[in-house]
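Order of the sequence lines sets the chain letters (A, B, ...), proteins ahead of strands, with each chain counted from 1.
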Amino acid sequence: MPQSNIMPGFRPAIGFTLFYLALIVLIPLSAMLLKTFQLSFDEYWAILTDQRVQASFRLSFGASLIAAAVAAVFGFIIAWSLVRYTFPGKRLFDALIDLPFALPTAVAGIVLAAIYEPNGWIGKLVMDGTGVQIAYKPLGIVFALIFIGLPFVVRTIEPVLQEFDTAMEEAAASLGATRLQAFVKVILPNILPAAITGFALAFARGVGEYGSVIFIAGNMPYISEIVPLLIITKLEQYDYPGATAIGLTMLILSFLLLLLINGLQWWVRRRSGQL
Amino acid sequence: MNAISAPSFIASKKLTLTDPDWVRYVLIGLTLGIIGLFLVLPLLTVLVEAFAKGWTAYSSSLMQPDALAAMRLTLLIASITVPLTTVFGVSAAWAIARFDFRGKSLLITLIDLPFSVSPVIAGLIYVLIFGAQGWLGPWFSEHDIKIIFAVPGIILATLFVTFPFVARELIPLMQEIGHEEEEAALSLGAGGWQTFFKVTLPNVKWGLLNGVLLCNARAMGEFGAVSVVSGHIRGLTNTLPLHVEVSYNEYDFVGSFAGASLLAALAVVTLVFKTVLEWKQNQDKRLKAKG
């Protein structure tokens, strides 16, 4: 470490960083671990295999998976148009992509419910046209999670597309590849890692999402009750062990997802020659 | 030979490098459709619903004591949490971007951890510690200190969810800028703080402001984590997002969307500033590259 000889302030900076990290994040999170360890494994297992808990896990992970897949496709189309084409209002639309990051989730929740409920602008249209109800059904949860997941995909694909070396496309074209062949064999393999990372980020966010979902979900046990809502329900019934066991399981799953995302990002950087 | 083949080569290259017109139009159409349906329509809906019963209903619902108390609490929470998260972010970035030590990548992962934790869990962990049945709960209630279902709990939950915002923005930026200028200042006899304020801060100011801005948006808009620890006490522990929820559940839609319109305005202002700051950052980078 050559720079640490002259750079001052390492000890206070790292000291405060670790202290604050422990105080706000690590100690509170380990409280949850300790609380769960007060349960026997059988008790823990009984909580997790409860029908209502299982239904909520299936719903949360299933809806997030579908929403992340749709967001990945939508996000790819948006990123492609924003990077490769010019059209009026492009910069405005580009800035607008981050809206789901900046808009408080409760606002997103009530607005999406108002749009997609059976009497809402789009809810009525879809209801009259196809008889499908979006809000207060699992489908409504998927719609809310697409909204939340979209910027993750666009913002991961966009920089990779921008830095993509078009010389590779030129090479493919001059060697006689059609546009479709060049896209499938040259562009897609280079963008895919970023698309997968964006998908994983959207998926991880969707599993834990609360505010934007509960207003549109309907919140029926066994049908449209997501895991975060079930945790709150258990807390309100003073079932602390139940809430903690479900919370810890979700936390472990999100941590595994985080590791996966870090691995994917490393893979993306290595493939694009940044490592 | 060359003179003849070159133009036809350019023509074919152009054909295969640009997408056919119909693909272009379909993709731009889809992009505008998705953005319109998922992003523009929600923003418009906030306004339409908030003014559904006219300007007077809108303004009087914002002047209600409960709404005003919620706004005051939201401002109080942001004014406490944003400075703390900023100080943490700067110190973490200084340690990580300016020194080498073991476990650095683990530290970066841990700093990002709150991003992947559900907001509901962020609230739950503080209930487990400070709640009535929590480890420290009995001690605090003996000493008449309320944390859960009170303002301190809301501050703690907000500190947790905003934790990575500033650090995450600063660490890559400071790593990219490098430490040559700071070393030059130090070797010319500048003190540590002097170097920080006169060299480091001017170099990272736009990125730092961007992190603070996003941190502020999250602090004012956080819903899930705050909802677990707040207890929804009217006029006391309802932040603006919780006021939106309570009004909505009581079928006071104008009141709910009026509160939501303030938060949506905050989001739009945040996006505008973010765009400007990113533009400034790129401009600085270009100026630096030119020398």
To the nearest 0.5 angstrom, please state how far the [atom1] atom of [X] sits from the [atom2] atom of [Y].
| X | Y | atom1 | atom2 | answer |
| --- | --- | --- | --- | --- |
| A/F93 | B/I35 | CZ | CD1 | 6.0 Å |
| A/F74 | B/L37 | CZ | CG | 8.0 Å |
| A/L251 | B/S118 | CG | OG | 9.5 Å |
| B/L41 | A/I122 | CG | CD1 | 5.0 Å |

Is there a side-chain contact between [X] and [Y] (heavy atoms, below 4.5 Å)?
| X | Y | result |
| --- | --- | --- |
| A/W80 | B/D19 | yes |
| B/V23 | A/Y85 | yes |
| A/L29 | B/L113 | yes |

Check whether [X] gets within reach of chain B through its side chain, its backbone, both or neither, counting any heavy atom under 4.5 Å.
| X | value |
| --- | --- |
| A/L259 | neither |
| A/L248 | neither |
| A/Y238 | both |
| A/F76 | neither |

Top contributor to chain B interface from [options] [non-hydrogen pairs under 4.5 Å]:
| options | result |
| --- | --- |
| A/P28, A/G208, A/A243 | A/P28 |
| A/V207, A/I78, A/I146, A/I214 | A/I78 |
| A/I27, A/L180, A/I77 | A/I77 |
| A/T244, A/V227, A/L229 | A/T244 |
| A/A114, A/G89, A/G211, A/P228 | A/P228 |

Heavy-atom proximity to chain A below 4.5 Å, by part of [X]:
| X | answer |
| --- | --- |
| B/S256 | both |
| B/E49 | side chain |
| B/L110 | both |
| B/L39 | both |
| B/L107 | side chain |
| B/F38 | both |
| B/L128 | side chain |
| B/T275 | side chain |
| B/S105 | neither |
| B/V48 | side chain |
| B/F88 | both |
| B/P114 | side chain |

Name the atoms and distances for all side-chain donor-acceptor pairs under 3.5 Å in residues 95-112 of chain A, with sequence neighbours left out.
| unit_1 | atom_1 | unit_2 | atom_2 | d |
| --- | --- | --- | --- | --- |
| A/D98 | OD1 | A/R155 | NE | 3.2 |
| A/D98 | OD2 | A/R155 | NE | 3.3 |
| A/D98 | OD2 | A/R155 | NH2 | 3.1 |
| A/D98 | OD2 | B/K274 | NZ | 2.8 |

If you count heavy-atom pairs under 4.5 Å between each of [options] and chain A, which one has the most?
| options | result |
| --- | --- |
| B/T109, B/I34, B/T270 | B/I34 |
| B/V272, B/V87, B/L124 | B/L124 |
| B/F160, B/W193, B/F196 | B/F160 |

Quiz item: With sequence neighbours left out, what residues match B/T85 under side-chain hydrogen bond (donor to acceptor under 3.5 Å, both in side chains)?
Solution: B/T162
Would you tabulate the side-chain donor-acceptor contacts of residues 6-26 of chain A under 3.5 Å, counting partners in other chains and residues two or more places apart, or write 'none'?
| unit_1 | atom_1 | unit_2 | atom_2 | d |
| --- | --- | --- | --- | --- |
| A/T17 | OG1 | A/A13 | O | 2.7 |
| A/T17 | OG1 | B/S91 | OG | 3.0 |
| A/T17 | OG1 | B/A92 | N | 3.3 |

Quiz item: Going through the checks in order, is the side-chain contact (heavy atoms from CB on, under 4.5 Å) test met by B/V120 and A/L235?
Solution: CA-CA 11 Å; B/V120 168; A/L235 266 181; over 6 Å; no
Exercise. With chain A as the partner chain, list the residues of residues 26-33 of chain B whose heavy atoms fall under 4.5 Å from it, by residue number, and write 'none' if nothing qualifies.
Key: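 Residues of residues 26-33 of chain B touching chain A at under 4.5 Å: B/L27, B/I28, B/L30, B/T31, B/L32.
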Exercise. For residues A/Q38 and B/W135, report the shortest heavy-atom separation together with the two atoms involved.
Key: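 Closest approach of A/Q38 to B/W135: NE2-CZ2, 3.8 Å.
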Quiz item: Mind checking whether B/F223 and A/F215 have parallel, tilted or perpendicular rings, split at 30° and 60°?
Solution: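 Plane angle between 30° and 60°, so tilted.
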